[in-house]
There are 2 protein chains.
Amino acid sequence: MDDSLTSETGTNRARWKQDPEGVRADILAVALEEFSRNGLSGARMDDIAAKTRTSKRMIYYYFGDKEGLYRKALEAAYKKVRKGEEELDLEHLPPKAALERLVGFTFDHHRKNPDFIRLVMIENIHHGRFLEQSDAIKKLNEAAISQIRNIYDKGVRDGVFRAGLTPLRIHWLISAISFFNVSNARTFSLLFGNDLQTEAGQACLSADACQTVLKFVSKEG
Amino acid sequence: MDDSLTSETGTNRARWKQDPEGVRADILAVALEEFSRNGLSGARMDDIAAKTRTSKRMIYYYFGDKEGLYRKALEAAYKKVRKGEEELDLEHLPPKAALERLVGFTFDHHRKNPDFIRLVMIENIHHGRFLEQSDAIKKLNEAAISQIRNIYDKGVRDGVFRAGLTPLRIHWLISAISFFNVSNARTFSLLFGNDLQTEAGQACLSADACQTVLKFVSKEG
DNA sequence: CGCAAAATGAACCAACTGGTTAATTGAGTC
DNA sequence: GACTCAATTAACCAGTTGGTTCATTTTGCG
């Protein structure tokens with residue numbers, strides 16, 4: 001989209017300008033898409049390079065090898081997604097409303113990031129071999145739990161949530177519903193029809209998700 | 001494990017015996033494991049052949065090509081899993097008990113078939129390209145919905161389940177919870193600790209699953 | 001300017017990998 | 001017991017793919 005090659009200024013042979021960070025970011029963006037679409041072994045380095053504004057040589061120059069590129073793409077994906085979650089402000093809401101909003105947001109957020117979901121699926125297929133190596137990612141996720149802990153503890157104190165649960169189990173439930181909705185959309189549609197993947201169907205599932213979690217946590221239905 | 005090559009009976013060169021069905025089944029079993037472990041593009045035909053009691057040529061002889069083998073392995077996996085579900089008998093139970101038993105069973109059943117879960121994950125990564133082609137599989141799944149419909153309708157008539165839901169949405173919820181528990185076990189453990197993957201943790205999640213679904217469907221919590 | 005280091009491009013390569021060819025052996029059949 | 005066809009083996013092959021070599025350009029700097 002931007003130039004450095006399209007600007008045919010002086011000589012016939014276009015002059016190129018150095019832009020290390022731009023090149024890195026460009027490669028990473030393409031890699032994310034390709035790995036997400038085709039998996040680690042399914043993605044082709046030549047294809048990635050072709051879709052880049054630079055060359056294959058540069059990928060190896062900056063990322064070492066295929067797995068190095070995949071690792072960085074995975075990290076980038078996690079960072080990007082977790083960043084999108086920061087905008088949520090739940091502290092001032094009463095527990096039930098806060099939890100409801102969190103579920104609705106998570107459901108939507110997963111939906112809006114199918115590339116990320118697919119990378120996580122791929123990572124699970126690889127037994128988390130690369131996620132395992134990235135300490136950076138692990139730290140990003142502690143916030144999610146403490147966020148729920150705040151809401152849940154307040155809810156228990158207020159007498160609207162039942163005691164005996166843990167933030168982790170609540171997070172697990174929210175994740176399961178939101179993740180599955182994206183990860184298995186295709187096979188589920190093929191086996192049981194496409195109704196739940198329409199806009200109306202998704203709205204229905206989103207509402208179901210909120211109700212499910214709220215009823216699970218609430219003291220009385 | 002069995003012979004036909006190990007039985008060095010007569011001449012020094014071991015004689016082989018024809019066993020088409022055995023060879024097919026052997027290949028399919030190995031293929032299922034390899035595809036499940038490594039994905040479609042990740043699995044190597046040479047590796048599959050090596051783990052077989054027969055040769056690579058036989059794979060092409062019986063299955064045509066790699067994708068043909070994958071397709072048959074996928075079908076075999078679905079058949080095997082759906083077969084395991086038949087043993088369940090819910091007709092005589094009251095609605096709540098029936099649903100609870102169904103959830104518990106599904107949760108366990110998914111846990112006991114990680115290979116199948118992984119194949120479905122892989123299939124989703126491939127946008128269901130192969131599941132799409134298999135009409136045989138699609139028919140197997142209609143039973144799951146009607147099973148829930150029976151339970152749900154009876155529950156609504158009895159006044160213990162709330163009206164306005166659909167069997168499909170209930171099945172979706174049960175699947176989401178049971179599937180995610182296996183599919184994302186590894187990354188979830190890496191990010192949030194291994195507690196929920198212990199025996200105690202899984203028992204807890206299984207109970208949570210039952211409660212979650214029951215509360216979602218029930219008229220009052 | 002002149003020079004070293006970083007950044008980039010184009011062609012190249014060895015190994016892997018899905019798939020095949022050609023020849024051999026077993027099993028029914030008349 | 002010759003004949004036919006399915007089942008099986010071992011060696012082979014061509015295209016793909018991750019990765020590299022080498023030369024060239026740009027940039028920062030004294």
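First the proteins, then the strands, lettered A, B, ... as listed; each starts at 1. None of the values given here were measured: they were computed from a predicted structure.
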Is there a donor and acceptor pair closer than 3.5 Å between the side chain of A/K66 and the base of D/dG19?
no
Regarding the side chain of B/Y62, the nearest nucleotide among D/dT20, D/dA7, C/dG18 is D/dA7
For B/S189 and B/N194, indicate whether the former's side chain and the latter's backbone hold a donor-acceptor pair under 3.5 Å.
no
Quick note, A/R57 side chain, CB onward, closest among C/dG19, D/dA6, D/dT21 is D/dT21
Among C/dT21, C/dA10, C/dG19, the one nearest B/Y60 by side-chain distance:
C/dG19
Which part of the nucleic acid, if any, lies within contact of B/M45, taking any heavy atom under 4.0 Å across all strands shown: a base, the sugar-phosphate backbone alone, or nothing?
sugar-phosphate
Chi angles and distances behind the side chain to side chain contact (heavy atoms under 4.5 Å, CB included) call for A/R101, A/L88
CA-CA 9 Å; A/R101 182 160 170 194; A/L88 205 55; 3.8 Å; yes
If you look at every strand shown and take non-hydrogen atoms under 4.0 Å, does A/A43 touch a base, only sugar-phosphate, or nothing?
sugar-phosphate
Distance in angstrom units between B/Y70 OH and C/dT17 P, rounded:
19 Å
Applying side-chain contact (heavy atoms from CB on, under 4.5 Å), can you list everything that pairs with B/D135, at least two apart in sequence or on another chain?
B/K138
Between C1' on C/dG19 and CG on B/L69, what's the gap in Å once rounded to a whole number?
13 Å
Compute the ring centroids of B/F216 and A/F216, then answer whether they are less than 6.0 Å apart.
no
Of the options C/dT17, D/dA10, D/dG18, whose atoms approach the side-chain atoms of A/R44 most closely?
D/dG18
So which nucleotide from C/dT17, D/dG19, D/dT20 ends up closest to the side chain of A/K56?
D/dG19
In terms of side-chain heavy atoms of B/M58, which of D/dG18, D/dA7, C/dA22 is nearest?
D/dA7
